[in-house]
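Here's the structure, in structure tokens; my notes come after.
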Amino acid sequence: MKLIGNIFTVLILLMSVVFMTVAMMTYATHKNWRAVVKGDGAGQAGMEKTINELKAKEAALQDQLQKVQMKLEQERAARVYAIAALVSRNQLQQANLARLDQENERLVKSEADMKTLLELAETNSKNLKAEVTQLRTDIKTAQADRDLTFEEVVALTDKLQQYKVEQERLKEREMQLATQVARMGKVLAANGMNEFTPVDNIPPRLDAKVLAVNDKDMVEISVGADDGIHEGNTLDVFRGDTYLGRIIIKQTQPDRAVGEIIRDYRRGVIKKGDNVYTKLG
């Protein structure tokens, strides 16, 4: 519509120029006619000349008008072609607009989907951050447990090494004790004893003297509790190489003890100054 308006504007401009030219020529002709009316034959010749000039100008103006009309037709055809091109371009633009609307709808939907995915991703990110924080805490705890376990392993390794050293020492001690047990077994066998022989009443090995003897078969000797003698021990009495008998301890003091003569073992009369011995078996 704007193009058509421009075309009519150009036409109006051209027609205005033509009418203005005609008006000027008419005005000029009017002035010549007045001169002719007032003049003589020379004025008539001038009028003919003016008419001829006007005809020539009219022909020129007609030719110019035809050229303008032709140019106007060409311009109109060009404008029609341009309008058709614009209509075609408008239709294409409408199609593109429809396509862009569809693309816009698709993008809006895609944006909504992306927004949903973004929210989901943010939620997953928060969950992952919480999980990473928990994993870091678990790792620190595991590292602390590992360090503690490592310290325990080192301590246990040290103890194991100590135990190995102690085991070696105990093996050596075991061999020593086995040797001692073998020797003791030989001693026990030599004295007619074994590992089951009761030894609670066997007094420690010692030599003592008889300090006093009464008529009730009670004998006082010169050793006591400080020497390892206790009630129930049995001691043998000798005078030189003569065996006199055996006594059983009834009472003890720190430095002396009192025993009773066992009648079944009496072999002689026990007196003050006799020797008292302890013997295995």
Side-chain angles (χ1 to χ4, degrees), residues 1-31 53-161:
M1 297 300 293
K2 185 177 180 180
L3 179 61
I4 296 173
N6 291 332
I7 293 172
F8 282 112
T9 301
V10 172
L11 290 175
I12 292 170
L13 179 62
L14 293 175
M15 294 302 293
S16 298
V17 172
V18 172
F19 289 143
M20 185 178 294
T21 303
V22 173
M24 291 175 64
M25 291 176 63
T26 303
Y27 180 72
T29 304
H30 178 69
K31 288 175 63 177
E53 291 177 354
L54 289 174
K55 288 181 178 179
K57 289 183 179 180
E58 182 181 3
L61 288 174
Q62 288 292 335
D63 185 57
Q64 187 177 0
L65 180 60
Q66 290 178 358
K67 290 180 179 179
V68 170
Q69 289 177 349
M70 185 180 294
K71 186 176 181 180
L72 183 61
E73 290 296 332
Q74 292 176 354
E75 186 71 21
R76 182 180 298 171
R79 296 300 179 183
V80 171
Y81 178 76
I83 290 172
L86 288 175
V87 170
S88 177
R89 184 178 297 176
N90 183 41
Q91 292 176 352
L92 182 62
Q93 292 293 333
Q94 290 292 333
N96 289 333
L97 181 61
R99 182 180 60 80
L100 290 175
D101 287 339
Q102 293 178 355
E103 184 69 16
N104 184 48
E105 291 179 358
R106 187 184 67 80
L107 290 176
V108 169
K109 184 178 179 181
S110 178
E111 182 181 2
D113 295 338
M114 292 298 294
K115 186 176 181 181
T116 303
L117 291 176
L118 181 60
E119 292 176 353
L120 182 60
E122 289 178 352
T123 302
N124 292 333
S125 177
K126 291 180 180 179
N127 294 333
L128 288 175
K129 287 181 179 179
E131 186 175 356
V132 168
T133 302
Q134 183 63 34
L135 288 175
R136 288 178 177 174
T137 303
D138 294 341
I139 288 172
K140 289 181 179 179
T141 303
Q143 288 177 346
D145 293 339
R146 182 198 62 188
D147 294 339
L148 181 60
T149 303
F150 180 75
E151 292 177 357
E152 291 179 353
V153 168
V154 171
L156 290 174
T157 303
D158 293 339
K159 287 184 179 180
L160 180 61
Q161 189 64 29

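We number each residue from 1, following the sequence as shown. Worth knowing before you read on, the calculation uses all heavy atoms, side chains too, and leaves out hydrogens, waters and symmetry mates.
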Before giving the answer on side-chain hydrogen bond (donor to acceptor under 3.5 Å, both in side chains), spell out for Gln143 and Asp147 the whole-Å C-alpha distance, their side-chain angles and the decisive distance to 0.1 Å. CA-CA 6 Å; Gln143 288 177 346; Asp147 294 339; over 6 Å; no
Could you give the distance from CD1 (Ile139) to CD (Gln134), rounded to the nearest 0.5 Å? 10.5 Å
Please determine whether a side-chain nitrogen of the Lys or Arg among Arg79 and Glu75 lies less than 4.0 Å from a carboxylate oxygen of the Asp or Glu. yes
With rounding to the nearest 0.5 Å, note down the distance linking CD in Glu122 to CG in Leu120. 10.0 Å
Check: Ala84 main-chain N/O paired with Ser88 side-chain donor or acceptor under 3.5 Å: no
Contact between Gln161 and Thr157 at the side-chain level, heavy atoms closer than 4.5 Å - yes or no? no
Flag, side chain of Thr137 to backbone of Thr133, donor-acceptor distance under 3.5 Å: yes
Between atom CZ of Arg106 and atom CG of Asp101, what is the distance when rounded to the nearest 0.5 Å? 13.5 Å
Applying side-chain contact (heavy atoms from CB on, under 4.5 Å), can you list everything that pairs with Glu131, at least two apart in sequence or on another chain? Leu128, Leu135
Is the shortest heavy-atom distance from the side chain of Leu61 to the side chain of Thr21 under 4.5 Å? yes
Here the gap from Met15 atom CE to Met20 atom CE, rounded to the nearest 0.5 Å, amounts to 13.0 Å
Give me the one residue out of Leu97, Leu92, Asn96 that meets side-chain contact (heavy atoms from CB on, under 4.5 Å) with Gln94. Leu97
So, taking the atom named NZ in Lys71 and the one named CG in Leu65, what distance separates them when rounded to the nearest 0.5 Å? 13.5 Å
Can you sort out the partners of Asp63 under side-chain contact (heavy atoms from CB on, under 4.5 Å), two or more places apart, ordered by chain and number? Gln66, Lys67
Side-chain contact test, heavy atoms from C-beta onward, threshold under 4.5 Å: evaluate it for Leu117 versus Met114 and give yes or no. yes
Rounded distance [0.5 Å steps], NZ in Lys159 versus CG in Leu156: 6.5 Å
Is there a donor-acceptor contact under 3.5 Å from the side chain of Asn90 to the main chain of Leu86? no
Applying salt bridge (Lys or Arg N to Asp or Glu O under 4.0 Å) to Arg76 and Glu73, what does each step give before you reach the verdict? CA-CA 5 Å; Arg76 182 180 298 171; Glu73 290 296 332; 3.4 Å; yes
Looking at Ala121, is its backbone amide N or carbonyl O close enough to the side chain of Ser125 to form a donor-acceptor pair, meaning the two atoms are under 3.5 Å apart? no
Enclosure of Glu53 CD (heavy-atom neighbours >12, cutoff 6.0 Å): yes
